[in-house]
Amino acid sequence: AQSVTQLGSHVSVSEGALVLLRCNYSSSVPPYLFWYVQYPNQGLQLLLKYTTGATLVKGINGFEAEFKKSETSFHLTKPSAHMSDAAEYFCAVSKGSQGNLIFGKGTKLSVKP
Amino acid sequence: DVKVTQSSRYLVKRTGEKVFLECVQDMDHENMFWYRQDPGLGLRLIYFSYDVKMKEKGDIPEGYSVSREKKERFSLILESASTNQTSMYLCASSPAVGGSISGANVLTFGAGSRLTVL
């Protein structure tokens with residue numbers, strides 16, 4: 001069965017610092033992996049996804065994630081945090097053929113000036 | 001632009017009331033989903049539908065039902081609301097997996113409906 005673990009419910013960084021949000025997954029089949037972002041009082045937006053091919057995936061707003069099969073990880077990074085990155089981030093793995101996703105519990109990112 | 005619209009952003013209901021949450025998508029997507037979001041628990045799937053009049057239970061279907069009479073509309077129904085159903089409800093849609101690989105499994109979410117049951 002598929003599952004997702006996000007390490008750290010809250011992460012705080014200074015503006016300009018590296019952002020690293022951790023995600024580990026469990027899947028019995030080659031996974032589709034996603035990162036979504038949720039800004040306050042909004043729905044979720046897709047940041048990036050991994051399906052097949054290149055293991056380093058670039059997304060919107062300067063974020064990227066690397067699929068590491070040996071570590072069953074899909075960590076999200078951004079070299080330099082901006083105040084506008086403050087939001088909640090969700091890692092997800094695809095379950096089933098109809099496209100339903102299993103989400104992690106989320107990591108709330110705070111960015112200090 | 002791809003759009004999922006949830007009719008009510010905020011609702012306040014009383015225990016025992018019947019509650020309808022409506023969701024409409026304009027992207028001709030086959031799949032539609034209802035999730036609930038609670039702090040510290042992330043998103044949990046309530047029900048999903050992969051075709052008109054078809055529905056599948058998700059991880060937490062108890063106390064909920066759904067209706068999909070038209071492709072673009074997916075309704076979540078709380079037959080008798082209870083205080084433990086106070087939550088944020090998120091609707092999403094996605095194209096069928098048989099479509100393009102870049103579209104497979106990508107969910108587009110609505111803005112959410114925050115329900116408070118008193």
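Just so it is clear: chains get the letters A, B, ... in the order the sequence lines come, proteins before strands, and each one is counted from 1. Both backbone and side-chain heavy atoms feed into the values below; hydrogens, waters and symmetry mates do not. All values reported here derive from a predicted model rather than from experimental measurement.
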Self-check item: Which portion of B:Q37 sits near chain A, non-hydrogen atoms under 4.5 angstrom
Solution: side chain

Practice problem: Give the cluster check for A:W35 versus A:V13: same hydrophobic cluster or not, with ILVMFWY residues linked at side-chain heavy-atom distances below 4.5 Å. | Solution: yes

Quiz item: What part of B:Y89 lies closer than 4.5 angstrom to a heavy atom of chain A: side chain, backbone, both or neither?
Solution: neither

Practice problem: Check whether more than 12 heavy atoms from other residues, nucleotides or ligands sit under 6.0 Å from atom NZ of A:K105, and answer yes or no. | Solution: no

Exercise. Kindly indicate whether the side chain of A:Y36, heavy atoms from C-beta on, has any atom under 4.5 Å from the side chain of B:V106.
Key: yes

Self-check item: Residue part contacting chain A, namely of B:L90, when any heavy atom lies under 4.5 Å
Solution: side chain

Quiz item: Is A:L56 linked to A:I60 within one hydrophobic cluster, defined over Ile, Leu, Val, Met, Phe, Trp and Tyr using a side-chain heavy-atom separation of less than 4.5 Å?
Solution: no

Quiz prompt | Spacing of B:L107 atom CG and A:L101 atom CG [to the nearest 0.5 Å] | solution = 4.5 Å

Quiz prompt | A:L46, part contacting chain B, at a heavy-atom distance under 4.5 Å | solution = side chain

Self-check item: A:R22, CZ: over 12 other non-hydrogen atoms inside 6.0 angstrom
Solution: no

Quiz item: If only atom types and distance count, is the side chain of B:R9 paired as donor or acceptor with the main-chain N or O of A:N41 below 3.5 Å?
Solution: yes

Exercise. Would you kindly confirm whether A:F74 and A:L76 end up in one hydrophobic cluster when ILVMFWY residues are joined by side chain heavy atoms under 4.5 Å apart?
Key: yes

Quiz item: Applying the 4.5 Å side-chain criterion to the ILVMFWY set and letting contacts propagate, would A:V4 and A:L21 be lumped into a single cluster?
Solution: yes

Self-check item: B:D59, part contacting chain A, at a heavy-atom distance under 4.5 Å
Solution: side chain

Quiz item: Based on non-hydrogen pairs under 4.5 Å, which of A:Q6, A:Q38, A:Q45 is most in contact with chain B?
Solution: A:Q38

Exercise. Decide whether B:L45 and A:F103 are clustered together by the hydrophobic rule: side chain heavy atoms of Ile, Leu, Val, Met, Phe, Trp, Tyr closer than 4.5 Å, transitively.
Key: yes

